[in-house]
Amino acid sequence: MFFIKTSSMRNDMGQRFGMLIGNRRQSMSLVLLASMVSLLLFIPTHLMADCCYQLAGLEFILAVALALMLWRLRRKAPLEGIETALMCCAVALFSALILIESLEFSGAYWAAGFPFVSYFIKPVRQARYWVLFFWLEIISAALLAGLDLITIPYSPVQLGCLAMVVGFFWLLAHIYQSQYEAQRKRLHASYQQIDTHRSRLKTILDHAPNSIWMMDLHGRIRFANKAMQQWTGVDEATLREAEDYTALLPGDVGERSRRADRLCLEGDQNVYYSQETMPDATGQSRTFDLIRVKLLDGHGHLTGLVGFAIDISERLAIEIERQELERQMLHMQRLESLGMMAGGVAHDFNNLLTAIQGSLDLLRMDQEFSSDSLENLQSIETAVQAASELCQQMLAYSGKGFLATEVINLNDMFDNMDALLTASIGKNIELSIEGAEDLPAIKGDKGQIRQIALNMVINASEAIGENQGHIVIRSRCKKLTEPQYIGVVSGDMLAPGSYVIIEIADDGSGMSKETQAHVFDPFYTTKFTGRGLGMSAALGIVRAHHGALEMDSTPGQGTTMRVWLPAMRETAPVSSPESDLPGSKSAEKHAHRGCVLIIDDEADVMRVACRMLEYLGLNVLSAGDGPAGLELYRTNQAKIDWVLLDMTMPNMNGHECLQKLRDINPEVYVVMSSGYNQAYMGTDSGEGGGEKPQDFLKKPYNFSALHGVCDRAMNR
């Protein structure tokens, strides 16, 4: 009887067992126990009614069978076998309710519940066969009873009605259970899909580089990905168990996080942005973009927040580095542009000075002047010399200044400059020179290297002022194994190799960042007087020597300047003592006979040069550009002894003109003239198609310099 009652309540009980028990084996254990107890309760009921002894005996046998099945179930017997045995017991019981006398012949009504019992115990594909077997059994019993072959408590008509009722309940149970199983399969598939999506989402969140966490209104963590755990140094389980997760965060991070959470939850905006620098679990300072978003349920009620911490430390470092490189690049471009402008101005200015200086020399030679006139001429020549020095500083800044290269022993050079340097600084300042032993030699222009040292020592002295101070000049050697960026302001990439470093350090007032940014700009000065070309010229000289300038200065702590110059392999030779200021020798006048071709685009320079050469007794042919000069040389090649050729000209520059002159006559003697240095012109490097002039005349030149060139050209 238990099976009938259970089958009628199959839907409700099935859901309860599914939700509360959630395990088929446990559910079957309860079904067996409940069925066994029900059968045992019906046995005394039959005995007290003094009837149905056969049914009571069968119920006892089935109760024992159920107890055996329960024991087998506890012994981990296969569940499928237990279910089949239970169905066999159900068939036996419901068949007995039809074939054997029951209380007031009501068994047939209970037997109508067999389809529900079958579909409760077995799946649809199996339950239909059990019901079909039972339905055929009822039909067979009705036929046999109608033929008087068997005697049963019910008439064939009653059994026929029972068969129709069973068939109807069978149809209902089959339709309902089929839909239920289909729905359960769809639900199971949905659960699997949800579980897959949840697993994928957790994998994505755990592999996300940003920290992600979810918090309720009480400050309890509901979720934290691995990045969050690595940042805080606390695992997710500990974070979830904590009453207040901010108490687990290092340093003052917890208080700041608590304040930010409160601002997000209590603010009017749904999203709260902030940026903070804080230590991570390792104590390393990191910068984060923090985003907190309010969480709302389906009714719009606030339930908590979700947070995102994006580590931007590396991005900020890269951005700062990019800005610094951009600043340095712009600064270098600005210095390069200024250098080109300074070189161009100095070149044009040198041409003007050449004309003025030559005219002065010719004026002295052609006429006799009074003492006042000679004094005025001397004043003009002094101004020309000062302007020439200014041009040389501008050319040095542009890297195109004249270089007279030689092998230099820096230690000897500084020893010889000691008296000059001491005289250039105040008596309140102590000067020390510390030269490294076995210092390699360098190759460069000694006069320009001396100028760098003198300018820097004078700047250091002015930075110390009237205070007691100390200036130290050190020399040492350093080897670079790979290309290295040298120069905080100037910024030059030095190739691998050995370098001699000249370090000039003072304990003066130092320089601010703003001053350091402009210290190499032409005409920038912090003094009340002066041209402001000292440091800019030093930068040009160092670059012309393929070196670099490095500066280290702090306000109130002094300044250290380092000059990097390429070292030669051998140790510097010991040089003989030299005077601080080079002497000059006057050229003697010699008359020459011959012809010279002057090619120069500056009319004043060409006119003065022609007059000075004519004064020396030479015939002069002149041309204002390269093509005109080539045509003159072709037509007068036989009588032209040598050519004075300007380097910078329109239409055809000096290199191109020299090449074409050599095409006409490979033996032609050419003197190149320019305010730029020889290395820039290619006379030392072999530029200009590999052709080099035989001599070089530096602008601005005077009569004595031109006379010397003329002597070498005519006496070769």
Side-chain angles (χ1 to χ4, degrees), residues 347 350-351 354-355 358 395 400-405 587 590 592-716:
H347 171 266
N350 267 332
N351 285 326
T354 300
L395 287 172
K400 302 173 184 178
F402 181 77
L403 290 177
T405 58
H590 295 283
H592 296 286
R593 294 191 180 277
C595 182
V596 59
L597 171 62
I598 300 178
I599 305 175
D600 199 312
D601 65 311
E602 291 290 337
D604 291 337
V605 174
M606 186 167 59
R607 183 168 53 253
V608 169
C610 288
R611 290 176 58 194
M612 288 191 290
L613 289 171
E614 289 172 349
Y615 186 84
L616 292 173
L618 295 171
N619 294 324
V620 181
L621 299 176
S622 61
D625 57 20
L630 291 173
E631 185 62 29
L632 273 177
Y633 187 79
R634 284 191 187 97
T635 58
N636 300 277
Q637 178 180 349
K639 66 177 183 180
I640 295 176
D641 295 289
W642 58 284
V643 179
L644 179 60
L645 177 63
D646 186 30
M647 167 60 197
T648 307
M649 297 183 296
N651 302 325
M652 181 184 294
N653 63 36
H655 287 313
E656 296 171 339
C657 188
L658 174 61
Q659 180 65 49
K660 294 187 180 296
L661 286 171
R662 293 281 164 80
D663 292 340
I664 298 172
N665 178 14
E667 303 300 326
V668 62
Y669 190 94
V670 177
V671 178
M672 190 82 79
S673 178
S674 177
Y676 297 147
N677 66 57
Q678 291 172 301
Y680 175 75
M681 290 173 49
T683 59
D684 291 339
S685 61
E687 295 178 10
E691 296 293 343
K692 296 186 291 185
Q694 282 83 357
D695 206 345
F696 178 78
L697 181 61
K698 176 182 172 294
K699 289 183 179 180
Y701 53 83
N702 55 20
F703 180 80
S704 177
L706 183 60
H707 191 180
V709 167
C710 183
D711 284 343
R712 291 191 293 272
M714 298 303 296
N715 298 328
R716 64 184 186 276

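These numbers come from the heavy atoms of this one structure, side chains and all, not from hydrogens, waters or symmetry mates.
Remark: Asn651 engages Asp625 in a side-chain contact (heavy atoms from CB on, under 4.5 Å) (not counting sequence neighbours). Residues passing the side chain to side chain donor-acceptor pair (under 3.5 Å) test with Asn619, sequence neighbours excluded: none. With sequence neighbours excluded, no residue forms a salt bridge (charged side-chain N to carboxylate O under 4.0 Å, His left out) with Glu614. In terms of the side-chain contact (heavy atoms from CB on, under 4.5 Å) criterion, residue partners of Asn665 (sequence neighbours excluded) are, by chain and number, Tyr633, Gln637, Glu667, Val668.
For the pair Asp601/Pro650, a side-chain contact is recorded, criterion being any heavy-atom separation below 4.5 Å from C-beta on. Contact annotation: the side chain of Tyr669 never approaches that of Val643 to less than 4.5 Å [non-hydrogen atoms, C-beta and beyond]. With a 4.5 Å cut-off on side-chain heavy atoms, Leu644 and Leu597 do not count as touching.
Between the CG atom of Leu697 and the CE atom of Met647 there is a distance of 14.5 Å, given to the nearest 0.5 Å. Interatomic distance, Asn653 CG to Asp646 CG, rounded to the nearest 0.5 Å: 10.0 Å. In this structure, CZ in Arg593 is found 10.5 Å from CE in Met714, a value given to the nearest 0.5 Å. Atoms CZ and NE2, from Arg712 and His707 in turn, are 11.0 Å apart once rounded to the nearest 0.5 Å. Taking CE from Met612 and OG from Ser704, the interatomic distance works out to 10.5 Å, rounded to the nearest 0.5 Å.
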- Task: Might you work through the side-chain contact (heavy atoms from CB on, under 4.5 Å) test for Val596 and Ile640, ending with a clear yes or no?
- Result: CA-CA 6 Å; Val596 59; Ile640 295 176; over 6 Å; no
- Item | Derivation and outcome, side-chain contact (heavy atoms from CB on, under 4.5 Å), residues Val605 and Lys699 | CA-CA 10 Å; Val605 174; Lys699 289 183 179 180; 4.3 Å; yes
- Message: Determine whether Leu621 and Ile598 satisfy the following criterion, side-chain contact (heavy atoms from CB on, under 4.5 Å), listing intermediate values before the conclusion.
- Response: CA-CA 6 Å; Leu621 299 176; Ile598 300 178; over 6 Å; no
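Side chain of Gln694 to backbone of Val670: a donor-acceptor contact under 3.5 angstrom is found.
Heavy-atom minimum distance, Leu632 versus Thr635: O-OG1, 3.1 Å. Cys610 and Ser622 get closest at one heavy-atom pair: SG-CB, 4.0 Å. When every heavy atom of Leu630 is checked against every heavy atom of Cys657, the shortest pair comes out as CD2-O, 4.0 Å. Scanning all heavy atoms of the two residues, the minimum distance from Leu645 to Met649 falls at CD1-CE, 3.9 Å. The minimum heavy-atom distance between Phe696 and Ser674, with the atom names listed, is CZ-O, 3.6 Å. Contact between Leu618 and Cys710 at its shortest, heavy atoms only, is CD1-SG, 3.3 Å.
Applying the salt bridge (Lys or Arg N to Asp or Glu O under 4.0 Å) test to every pair with at least one member in residues 632-644, sequence neighbours left out, gives these pairs: Glu631-Arg634. Applying the salt bridge (Lys or Arg N to Asp or Glu O under 4.0 Å) definition to pairs two or more places apart or across chains, those involving residues 649-664 are Arg662-Glu691.
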